[in-house]
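Notes for the one structure printed next.
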There are 2 protein chains.
Amino acid sequence: MIQDRELYSFFEQGEKLYQRGLSIDSVIFGFHDNQLKVLLTKLKNIDFWAVAGGFVYKNEHVDAAAIRILKERTGLSDIFLQQFYVFGDPNRSDKKFHIDRMKKVGWNFTKDYWLLQRFITVGYYALVEFSHVNPKPDSMSDSCDWHDIHELPDLIMDHEQILKKALEVLRTQLKYQPVGYNLLPKKFTMPELQKLYETILDKKLDRRNFQRKMLGYGILKRLEKRREGGAHKAPYLYSFDLRKYHKALKEGLHGEW
Amino acid sequence: MIQDRELYSFFEQGEKLYQRGLSIDSVIFGFHDNQLKVLLTKLKNIDFWAVAGGFVYKNEHVDAAAIRILKERTGLSDIFLQQFYVFGDPNRSDKKFHIDRMKKVGWNFTKDYWLLQRFITVGYYALVEFSHVNPKPDSMSDSCDWHDIHELPDLIMDHEQILKKALEVLRTQLKYQPVGYNLLPKKFTMPELQKLYETILDKKLDRRNFQRKMLGYGILKRLEKRREGGAHKAPYLYSFDLRKYHKALKEGLHGEW
DNA sequence: TTATTATTGTGTCATGACAACACATTAAGC
DNA sequence: GCTTAATGTGTTGTCATGACACAATAATAA
């Protein structure tokens with residue numbers, strides 16, 4: 001089976017390709033149907049899911065590895081991607097999980113095989129535009145899909161903790177930095193932007209105050225009228241003023257929600 | 001020479017004791033003479049300094065290692081200590097530095113010796129009470145002292161970058177979280193607290209507005225009058241209300257500077 | 001065609017945080 | 001007792017924010 005050959009090859013090559021004891025786990029967030037989604041991969045031979053992870057090549061910058069992995073899973077580059085935490089529990093790895101999989105593909109390993117040793121993982125989180133993503137599983141997974149953050153399947157090892165922490169950091173960041181450029185299409189309406197904020201914060205916001213505040217940041221440009229397909233009054237379309245947006249990204253916003 | 005024997009022993013034992021390719025660097029901040037200080041160690045056999053660093057034992061939690069190293073350098077535990085970044089450049093290590101030192105103490109190494117391989121480091125920063133610290137150098141250093149952050153000596157490898165990043169994060173944190181409990185003595189005056197903020201932010205603040213704002217957080221308790229040694233009017237003494245302080249640490253403050 | 005209904009655009013008002021600033025109070029040194 | 005320099009306390013105008021009202025628009029039902 002071709003997939004298992006891929007996995008076998010990973011077991012065979014990994015030790016000499018990758019930096020030992022170091023992995024990357026990226027929590028990739030998207031927004032769709034008014035819901036905050038996370039990209040998860042379904043692992044082969046086991047009924048568990050994982051956030052987008054991978055390893056660091058021996059001569060590769062850790063941040064570069066995160067960018068590469070994001071690109072491999074989504075096809076996207078030039079994306080908001082940020083370190084948020086290092087998970088360094090000596091017992092965070094699940095050896096049994098690796099052993100089962102190696103046995104299944106017939107890979108002969110020794111007790112000191114690299115994958116069975118201690119790993120620490122650097123957590124990243126990414127914000128991507130849902131519709132631009134073309135999810136691709138890696139050699140260790142047989143599918144890669146979006147999941148609502150309120151309906152998560154069983155996650156491997158400490159990935160639930162990683163995801164929760166990423167979400168916490170995202171919520172904190174949202175208060176001080178503009179978010180949206182990476183999560184929404186180029187043109188969007190104010191209600192859509194508001195839904196995004198409400199979803200991330202898990203909180204209702206006042207429509208009028210929200211608009212006043214967002215416009216107050218001066219990072220939005222108002223365009224012509226909306227695609228008038230929707231019922232009721234057609235809302236304006238907006239896009240981000242990239243120059244001011246990036247300025248705000250650096251300098252931060254003000255106030256809280 | 002006893003110190004060199006220590007260093008030799010480190011070269012000898014390190015490989016089997018420590019997790020490979022992983023180090024910790026803690027930027028330890030203190031406040032004294034109205035200046036923000038950093039604890040630096042002077043490395044043996046070379047005219048460079050380093051922030052408080054160390055390695056992680058093979059079965060030790062990364063955060064636990066940071067706590068241990070902080071304790072080894074300062075004698076303190078139960079201190080504000082926080083991860084802030086992972087430095088993952090594949091070329092951040094300076095092999096020549098290690099080679100020189102190994103040659104000096106007469107340690108015979110091979111080309112694949114652990115210290116000569118790639119290291120990534122997890123950056124932590126700590127806030128400590130200056131007067132409580134009893135600086136102790138480690139086996140790789142021959143002294144350990146406080147330095148004003150405006151008068152830094154030459155730092156090894158990427159330690160200047162690490163320090164700068166820590167400072168940046170500290171400044172950002174200061175806006176949203178209370179700082180001071182760990183940097184000031186139990187009892188302090190409002191002008192002292194203000195000086196601390198002014199020093200970290202590198203910015204003059206209005207005396208009256210500062211007081212109003214700090215008191216507004218409700219994390220301070222006013223005590224009796226000041227040690228009346230100083231000239232002029234004696235200011236009140238304050239201490240932190242620990243319960244409310246820790247609540248504010250979790251929930252964050254509000255507003256900016 | 002007209003009324004209904006849901007949604008968006010825009011505005012008002014009271015509250016509270018904050019920056020800028022004034023004046024009284026206290027302690028040390030002359 | 002007077003000067004000086006620092007601290008304790010209060011005032012005012014501005015601005016961001018939360019709570020809320022009303023008009024405008026577009027699809028649907030009558």
Side-chain angles (χ1 to χ4, degrees), chain A residues 33-34 174-178 180 184 187-199 201-239 244 248 251-257, chain B residues 33-34 174-178 180 184 187-199 201-239 244 248 251-257:
Chain A
D33 278 344
N34 288 340
L174 187 60
K175 293 180 185 173
Y176 310 122
Q177 288 195 331
L184 291 173
K187 300 176 180 183
F188 52 90
T189 66
M190 194 60 75
E192 285 164 356
L193 183 60
Q194 181 179 341
K195 273 288 175 202
L196 172 62
Y197 272 73
E198 289 182 338
T199 304
L201 294 172
D202 204 18
K203 193 179 191 173
K204 279 271 166 210
L205 300 173
D206 183 278
R207 184 172 65 86
R208 297 150 283 188
N209 295 334
F210 178 82
Q211 166 153 320
R212 177 155 36 94
K213 186 156 184 167
M214 286 307 300
L215 292 178
Y217 294 145
I219 58 176
L220 294 177
K221 280 188 299 197
R222 186 151 101 172
L223 311 173
E224 76 284 10
K225 280 271 183 183
R226 178 183 168 129
R227 52 193 157 248
E228 284 144 11
H232 317 304
K233 184 170 182 177
Y236 284 105
L237 280 170
Y238 292 87
S239 68
K244 293 177 183 170
E251 300 174 6
L253 302 170
H254 42 271
E256 303 196 36
W257 292 100
Chain B
D33 279 344
N34 288 340
L174 187 60
K175 293 179 184 173
Y176 311 122
Q177 289 195 329
L184 291 174
K187 300 175 180 183
F188 52 89
T189 67
M190 194 59 77
E192 285 165 355
L193 182 61
Q194 182 178 342
K195 273 287 173 199
L196 171 63
Y197 272 72
E198 288 182 340
T199 304
L201 294 171
D202 205 17
K203 191 180 193 173
K204 279 271 165 210
L205 300 173
D206 183 279
R207 184 173 64 85
R208 298 150 284 190
N209 294 334
F210 178 82
Q211 166 153 321
R212 178 157 37 85
K213 184 156 185 166
M214 287 306 302
L215 292 178
Y217 293 146
I219 57 177
L220 293 178
K221 278 188 298 196
R222 186 151 103 172
L223 311 174
E224 76 286 10
K225 282 268 180 183
R226 180 188 166 124
R227 53 197 155 242
E228 283 142 13
H232 319 304
K233 182 169 182 175
Y236 284 105
L237 281 170
Y238 291 87
S239 68
K244 293 178 182 169
E251 300 175 5
L253 303 170
H254 42 269
E256 305 195 35
W257 292 101

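Everything numeric here is computed off the predicted structure, so don't read it as measured data. Below, chain A is the first sequence line, B the second, and so on; all start at residue 1.
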For atom NZ of B:Lys195 and atom C1' of D:dA6, their distance in whole Å: 12 Å

CA sep, side-chain torsions, deciding dist, call: A:Glu198, A:Lys203, side chain to side chain contact (heavy atoms under 4.5 Å, CB included): CA-CA 5 Å; A:Glu198 289 182 338; A:Lys203 193 179 191 173; 6.0 Å; no

Interatomic distance where OH belongs to B:Tyr197 and P belongs to C:dC18 [whole Å]: 13 Å

Summary of protein contacts for nucleotides 10-15 of chain C, nucleotide by nucleotide, where a base hit scores B, a sugar-phosphate-only hit scores S (4.0 Å, heavy atoms): BB----

With sequence neighbours excluded, residues passing salt bridge (charged side-chain N to carboxylate O under 4.0 Å, His left out) with B:Arg208: B:Asp206

Value in whole Å for how far the P atom of D:dA6 lies from CG of B:Asn34: 12 Å

All ring-ring contact (aromatic ring centres under 6.0 Å, His included) counterparts of A:Phe188, not counting sequence neighbours: A:Phe240

Interatomic distance where CE belongs to B:Met190 and P belongs to D:dA6 [whole Å]: 18 Å

End axis versus end axis in the helix from C:dT1-D:dA30 to C:dC30-D:dG1, the angle rounded to 10°, five pairs used at each terminus: 10°

Residues which pass side chain to side chain contact (heavy atoms under 4.5 Å, CB included) with A:Gln177, listed by chain and number, not counting sequence neighbours: A:Gln173, A:Leu249

Nearest-0.5 Å distance, CE of residue B:Met190 to CZ of residue B:Phe210: 6.5 Å

Integer-rounded Å distance: C:dG9 P and A:Leu223 CG: 13 Å

Any protein N or O atoms within reach of nucleotides 2-7 of chain C? Criterion: under 3.5 Å, listing atom names and distances.
| from | atom 1 | to | atom 2 | distance (Å) |
| --- | --- | --- | --- | --- |
| C:dA6 | N3 | A:His232 | ND1 | 3.4 |

Nearest-0.5 Å distance, OH of residue B:Tyr236 to CZ of residue B:Arg222: 4.0 Å

By salt bridge (charged side-chain N to carboxylate O under 4.0 Å, His left out) - contacts of B:Arg207 (at least two apart): none

B:Asp202: partners by salt bridge (charged side-chain N to carboxylate O under 4.0 Å, His left out), with sequence neighbours left out: none

Between D:dG8 (C1') and B:Met214 (CE): distance, integer Å: 17 Å

Rounded distance (Å) that lies between atom C1' of D:dA19 and atom NZ of A:Lys204: 17 Å

Pairing residues for A:Thr189 by the side chain to side chain contact (heavy atoms under 4.5 Å, CB included) criterion, not counting sequence neighbours: A:Pro191, A:Glu192, A:Arg226, A:Arg227, A:Pro235, A:Leu237

Under the side chain to side chain contact (heavy atoms under 4.5 Å, CB included) test, residues paired with A:Lys233 that sit two or more places apart: none

Partner set under side-chain hydrogen bond (donor to acceptor under 3.5 Å, both in side chains) for A:Gln211, not counting sequence neighbours: none

Whole-Å distance separating the CG atom of B:Leu205 from the C1' atom of C:dA20: 14 Å

